[in-house]
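Only one structure is covered here, and it is reproduced in the block below.
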There are 2 protein chains.
Amino acid sequence: MRAQRHDLDGIVDAAIGLLDEIGLPDLSMRRVAGALGVQPSALYWHVENKQSLLAAVADRIVREAPAADGVAATAWALRDALLAHRDGAEVVVSTVALSLGSDAMHGRLREAYAGEGSEDPDRDASVLTQFLLGHTSFVQQRMQAAAIGAYDATPESVADATRADFQAGLDALAPRHSS
Amino acid sequence: MRAQRHDLDGIVDAAIGLLDEIGLPDLSMRRVAGALGVQPSALYWHVENKQSLLAAVADRIVREAPAADGVAATAWALRDALLAHRDGAEVVVSTVALSLGSDAMHGRLREAYAGEGSEDPDRDASVLTQFLLGHTSFVQQRMQAAAIGAYDATPESVADATRADFQAGLDALAPRHSS
DNA sequence: ACCTGAACACCGTTCAAGT
DNA sequence: ACCTGAACACCGTTCAAGT
């Protein structure tokens with residue numbers, strides 16, 4: 001068989017595509033390899049193990065969030081980015097402590113808080129990061145439960161209710177006016 | 001071989017014991033069965049699948065939190081309960097949407113908010129639940145990363161810093177005085 | 001440099017059969 | 001009612017060997 005030649009970026013592309021299709025529980029190294037037309041063992045040339053591949057995926061998901069002005073807009077952009085991919089929140093949560101993708105989150109929020117005159121931008125960013133991760137995990141969990149009938153509500157009503165939750169959280173955690 | 005006779009409670013006991021020993025990634029149905037001296041397939045008489053066993057574990061973890069007075073004390077008690085078992089936060093997060101153990105969390109916080117004169121106890125409880133879950137996931141992730149050297153800090157300093165994070169979150173999300 | 005092929009030590013779950 | 005035993009269709013990871 002022909003050698004296929006891939007790099008980390010291509011592998012992450014394939015992994016994200018598969019993630020959206022089949023979800024995190026079914027995302028295996030063997031499936032990623034299959035999507036690339038390669039043997040499972042070939043992945044280990046590019047990546048140390050599954051966890052570090054997921055870290056790279058998390059990194060990409062967070063970086064897909066566009067830059068925005070101010071704490072609230074930044075937080076909404078990050079929320080959108082995590083919700084844009086199936087199980088995106090869970091993937092990011094699981095790698096947050098290793099200060100990869102999550103550090104990008106924290107860093108953006110820290111800058112936004114600093115720009116709005118926070119007295120402790122680092123602490124404020126930590127708290128909002130933790131809320132954001134818990135919130136998005138909850139949203140995706142609920143949406144999937146609603147989709148399979150395990151939670152009695154329409155996806156739309158879950159989306160609406162959780163947007164209101166997020167807004168309420170931001171009202172409390174982000175400064176209202178920065179003058 | 002002798003029949004072993006178990007009930008759901010005993011299985012949850014064994015699962016929690018194993019969870020503390022080996023962590024969620026290594027917690028398999030086969031290991032739980034092994035700890036009980038039983039074949040893996042025997043578990044399926046008591047439990048529909050692994051996910052529902054984990055839901056029962058999550059339920060128990062949350063119920064282990066003692067009742068407390070007021071929003072802040074309730075939140076700290078829940079935080080302690082999730083942190084009391086290895087990967088406790090992750091277990092609870094993964095079953096939160098199915099309104100099992102997590103509903104107990106939400107319910108307690110809702111009552112506490114109502115008792116402090118909140119205008120929307122349901123929303124306030126949702127926001128605090130989401131922060132609590134994100135926060136505790138983050139703490140356990142960081143502590144483990146610190147333990148294996150993947151994050152450069154002592155477990156104590158992580159514990160201290162995250163306690164301050166939680167207090168800051170509560171300052172913003174819980175009412176300061178209830179008169 | 002990058003991939004194949006084969007192997008190792010695992011998984012969750014089902015189901016007939018035992019007691 | 002509750003468990004065993006065997007099977008099915010999978011896993012992540014390692015490593016020699018190929019090109």
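The model shown is predicted, which means the values in this text are computed figures rather than measured ones.
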Exercise. How far apart are the closest heavy atoms of B:Leu173 and B:Tyr113, and which atoms are they?
Worked result: O-OH, 2.7 Å
Problem set entry | Position toward the 5' end of DNA chain C (nearest nucleotide), A:Arg30 or A:Ala42 | A:Ala42
Exercise. Is a donor on one side and an acceptor on the other found under 3.5 Å between the side chain of B:Thr129 and the backbone of B:Ala125?
Worked result: yes
For this session: Specify the separation, in whole Å, of atom CD of A:Gln51 and atom P of D:dC11.
Result: 19 Å
Exercise. When the nearest nucleotide of DNA chain D is assigned to A:Asp26 and to A:Ser41 on a heavy-atom basis, which residue is associated with the more 5' position?
Worked result: A:Asp26
Exercise. Quick one: which of D:dC2, C:dT14, D:dT13 gets closest to the side chain of B:Tyr44?
Worked result: C:dT14
Exercise. How close or far is atom P of C:dC11 from atom CD1 of B:Ile22, stated in whole angstroms?
Worked result: 9 Å
Problem set entry | A:Asp165 side-chain N/O to B:Ser126 backbone N/O, donor-acceptor pair under 3.5 Å | no
For this session: Specify the separation, in whole Å, of atom CD of A:Glu48 and atom P of C:dC2.
Result: 17 Å
Exercise. If you count the non-hydrogen atoms of other residues, nucleotides and ligands that lie under 6.0 Å from CG in B:Asp69, is the total more than 12?
Worked result: no
Exercise. C:dA9 and D:dA9: how far apart are their P atoms, nearest whole angstrom?
Worked result: 23 Å
Exercise. From the list C:dG5, C:dC2, D:dC3, which nucleotide is the closest neighbour of the side chain of B:His46?
Worked result: D:dC3
Exercise. Is any side-chain N or O of A:Gln39 closer than 4.0 Å to OP1 or OP2 of C:dG5?
Worked result: yes
Exercise. How does DNA chain C look in dot-bracket form if you count Watson-Crick and G-U pairs under 3.5 Å, write [ ] for pairs that cross, and put | where a base pairs with another strand?
Worked result: ||.|||||...|||||.||
Exercise. Between B:Gln140 and B:Ala89, is there a donor-acceptor pair closer than 3.5 Å when you use the side chain of the first and the backbone of the second?
Worked result: yes
For this session: State plainly whether one hydrophobic cluster holds both A:Val32 and A:Ile22, where clusters connect Ile, Leu, Val, Met, Phe, Trp and Tyr through side-chain heavy atoms under 4.5 angstrom apart.
Result: yes
Problem set entry | Distance in angstrom units between B:Arg5 CZ and D:dC2 C1', rounded | 5 Å
Problem set entry | Rounded distance in Å - CG (B:Leu27) to P (C:dC11) | 10 Å
Seminar exercise, completed: Rounded to whole Å, NZ of B:Lys50 lies from C1' of C:dT14 at a distance of 17 Å
Exercise. Which nucleotide, C:dG12, D:dT13, D:dA1, lies nearest any side-chain atom of B:Trp45?
Worked result: D:dA1
For this session: Indicate yes or no: does B:Asp122 engage B:Arg110 in a salt bridge with an N to O separation below 4.0 Å.
Result: yes
Exercise. What is the distance from CZ of B:Arg31 to P of C:dC10, rounded to the nearest Å?
Worked result: 8 Å
Exercise. Expressed in angstrom and rounded to an integer, what is the separation of A:Leu43 atom CG from C:dG5 atom C1'?
Worked result: 15 Å
